[in-house]
Protein chains: 2
Amino acid sequence: MLKKQLIMERALELFARHGFEATSVQQITEHCGISKGAFYLSFKSKDELIIALIDHFMMQITSEIDHIVRNTKDDEQLLYHFYYAIYHSFHKHSDFAKVLIKEQSQTFNKELILKMQYYDKLTENTILSMIERLYGEEVKQTKYDLMYCIKGFMNTYSQLFVFYNVPLDLKLLAESLVEKTNLLARHTTVPFISQELIEIVKQPMNGEITKEQILEIIRQRIEEIEEPIEKESLILLQGQLLEPTLPPVIVKGLLENIRNHPHCKWISYLLRRYYNF
Amino acid sequence: MLKKQLIMERALELFARHGFEATSVQQITEHCGISKGAFYLSFKSKDELIIALIDHFMMQITSEIDHIVRNTKDDEQLLYHFYYAIYHSFHKHSDFAKVLIKEQSQTFNKELILKMQYYDKLTENTILSMIERLYGEEVKQTKYDLMYCIKGFMNTYSQLFVFYNVPLDLKLLAESLVEKTNLLARHTTVPFISQELIEIVKQPMNGEITKEQILEIIRQRIEEIEEPIEKESLILLQGQLLEPTLPPVIVKGLLENIRNHPHCKWISYLLRRYYNF
DNA sequence: TATAATAATGACTACTGGGTCATTTGTCAA
DNA sequence: TTGACAAATGACCCAGTAGTCATTATTATA
C-alpha cells in the first residue's frame with residue numbers, strides 16, 4: 001500500500017512535467033527507484049495508475065468543495081469560501097491541476113472520460129445548489145448560465161497558477177470573483193444556457209453510486225487506515241449500512257469523526273448524500 | 001501544393017476525432033489514399049504538419065477577429081460583432097477548434113507552445129484595444145481583468161459546440177455575452193489581474209515579425225494564388241516593402257484588394273500592423 | 001535453522017510508430 | 001521511341017513502448 005502511494009506521488013510529478021502519454025512506465029519506475037515488475041505489482045496497467053490518481057484527487061477536491069458549501073452558514077460568506085476553497089485546493093494539488101488541465105478530456109480511454117464527466121456533474125450540482133440558496137427565485141431563468149460562468153471563472157483563473165509560478169493572493173482572487181458572480185447573478189437578463197440546453201447536453205449520468213460500491217470503498221479504507229477513531233467509526237458505519245440500527249444523530253456523529261481524515265473525505269461525502277444529510 | 005492541402009484537410013479530421021498523438025502517419029496516409037512516402041514529400045515530419053495546421057487556422061481566425069474589431073464603426077455593435085465573429089469562426093472550423101481544445105498546450109514541442117503564446121498575445125491585444133475603445137478611462141484599473149474574463153467566456157462557451165453537436169443560436173450567445181461583458185466592465189471594482197501581474201506573467205514576446213518574414217510569406221502567396229487582382233496587389237506590396245515609393249493611400253487600397261482572399265488575410269493583417277494603419 | 005510464502009527484479013517479448021530510401025511508375029521533350 | 005527527370009511507393013529500419021515471467025532476494029513462520 002505504501003509502494004502504491006510512492007508510485008502515485010512520483011508519477012504525478014512526471015505527468016505534470018511531461019504529460020501522461022509522454023511519460024513511460026520505465027521513467028516512472030526509475031524516478032521511484034523500483035523495478036518495472038514492482039510497478040505492475042501495484043497497478044495492473046498504466047491506465048489504472050492515472051485512474052487511481054484522478055479518483056484520489058477528484059474525490060478530495062469534490063468532497064471538500066461540497067463540504068464547504070454545505071457547512072458555511074453565513075450566506076454573505078458562502079461564495080467567498082467557495083472560491084477560496086477551490087483555488088486553495090488547486091494550489092495545494094498544483095501538480096494534479098496541471099495534469100488535469102494538460103490532459104483535459106484528452107483522448108485517453110472511455111472509462112476516464114466518463115469518470116471526469118461524473119465528477120464534473122457533481123461539481124455542477126454543488127454550484128447549482130449554492131446558486132439556488134444564494135439567489136433563489138431571482139435567478140430562475142439564468143441559473144444554468146450563471147453556473148456555467150462560475151465554472152468558466154474556475155477554469156480560466158486557475159490556469160494562472162498552473163502555468164506560472166507566481167505567488168497569487170488567493171483572498172483577493174476570491175473576493176474579485178465574488179463581486180463578478182454577484183454582478184452577473186443580480187443583473188443578467190439574457191441567459192444563454194437554458195434548462196433545455198442542459199438537458200440536451202448532459203449525458204445520461206452514469207448511475208448513482210450503489211450501497212455495494214460504498215461498502216467496497218469502506219472496506220478498502222478500513223484496511224489502510226490506522227487511526228483508531230476513524231477506523232472504528234468506519235466499522236460502525238459499515239455495520240449500519242448492512243443493517244441499520246443506529247439513530248441518525250449517531251450516524252452523523254460518526255461521519256463527523258472521519259470527515260477530516262484525508263482518506264475518508266470521499267466516503268463521508270458519499271454517505272452524506274446517501275443519508276440525505 | 002494540392003497534395004499538401006489534401007493531407008491537411010484529412011489529417012485534421014483524424015486529429016479532431018482521435019487527437020494528435022493518437023493518430024499515426026500511417027492512418028493519415030490511408031485516409032488520404034496516398035503512400036507514406038508521399039506524406040514526407042509534403043511535410044518533413046508529423047510535427048511540421050500540426051504546425052502548418054495551427055498556423056493556417058490561427059492566422060485566419062486571428063486576423064478575422066482583428067479586422068472585425070478595427071472595422072466596426074458603431075461602438076454599440078462592436079462587442080456583439082466580436083463575439084459573433086469568434087463563435088462563427090469556431091463553428092466554421094469546428095474540427096480545428098476540437099484539436100485546439102483537446103491538445104491545449106499539450107506537451108508537444110517547444111516551437112508550438114511559443115507559437116500558441118504568440119497567437120494568444122495577438123488576441124489579447126485585440127481584446128484590450130476593444131476594451132479601451134469601448135470603456136476608456138472607466139476601466140483603467142480593471143481592463144486586464146476584463147480581458148481575462150472575455151477570454152474565459154470565449155473558452156468556456158466554445159466547449160459547447162466543440163463537444164456537443166447541438167445547433168446553437170450564435171446570435172443569442174453573442175447577445176448574452178455582450179450583456180455579461182458590459183456588466184463586468186461597468187461595475188467591477190475589485191480587479192484581480194493587475195497591470196503588474198500581466199507584466200510578470202507574460203513571457204518576453206518572441207519578437208515582432210520582421211520585414212524579411214513578411215516578404216517571405218508574400219513570396220509564397222504570390223506563387224500559390226491565381227486570381228489576377230490579388231496576385232498583382234501582392235506583387236506591388238512586395239515592391240513597396242523592398243523600396244517604398246507608393247503613397248499610403250494606395251498601399252491601403254492594395255490591402256483592401258487582398259483582404260477578402262482566404263489566403264491573404266494574414267498578410268493583410270501583418271501589413272496593417274507594419275504600416276500602423 | 002530450515003522451509004514456506006511473499007516481494008522484487010530486469011531481461012525479454014510483442015508490437016507500434018516515425019522516418020528512410022532503393023525501386024517503380026509516370027511525364028514529357030527530343 | 002528513347003532517355004532524363006520528377007513523383008510516388010511501401011518494405012524496411014530502429015527506437016521506444018507496455019506488459020510478462022522465470023529467477024532471485026527478503027521476510028515470516030515453524
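Computed from a predicted structure; not experimentally measured. Residue numbers begin at 1 in each chain, while the letters A, B, ... track the order of the sequences.
With A:K115 as reference, A:D55 is the one residue of A:D47, A:D120, A:D55 to meet the salt bridge (charged side-chain N to carboxylate O under 4.0 Å, His left out) rule.
A donor-acceptor contact shorter than 3.5 Å links the side chain of B:K46 to the backbone of B:F20. Between the side chain of B:T29 and the backbone N or O of B:Q26 there is at least one donor-acceptor pair closer than 3.5 Å.
Using a 4.0 Å heavy-atom distance criterion, A:T29 is classed as making no nucleic acid contact.
Following rounding to the nearest Å, A:Y40 (OH) and D:dA22 (C1') show an atom-to-atom distance of 18 Å. Distance CD (A:Q26) to P (D:dT20): 15 Å, rounded to an integer number of Å. If you measure from atom CD1 of B:I50 to atom C1' of C:dG18, you get 15 Å, rounded to the nearest angstrom. Taking atom NE2 of A:H18 as the reference point, atom P of D:dG16 lies 15 Å away to the nearest angstrom. When rounded to the nearest whole Å, the span between CZ of A:F20 and C1' of D:dT17 equals 12 Å. Taking atom CD of B:E21 as the reference point, atom C1' of D:dG16 lies 14 Å away to the nearest angstrom. Rounded to whole Å, the distance from NZ on A:K44 to C1' on D:dC21 is 18 Å. Straight-line distance from the CG atom of B:L14 to the C1' atom of C:dG17: 15 Å, rounded to whole Å.
Among residues two or more places apart in sequence or in another chain, the ring-ring contact (aromatic ring centres under 6.0 Å, His included) test is passed with B:H93 by B:F57.
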Base versus backbone protein contacts along nucleotides 5-11 of chain D [heavy-atom cut-off under 4.0 Å; B, S, -]: ---BBB-

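Interatomic distance, CG of B:N155 versus CD1 of B:I86, reported as 9.5 Å (0.5 Å rounding).
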side-chain contact (heavy atoms from CB on, under 4.5 Å) between B:F15 and B:D95, worked out: CA-CA 8 Å; B:F15 290 163; B:D95 267 352; over 6 Å; no

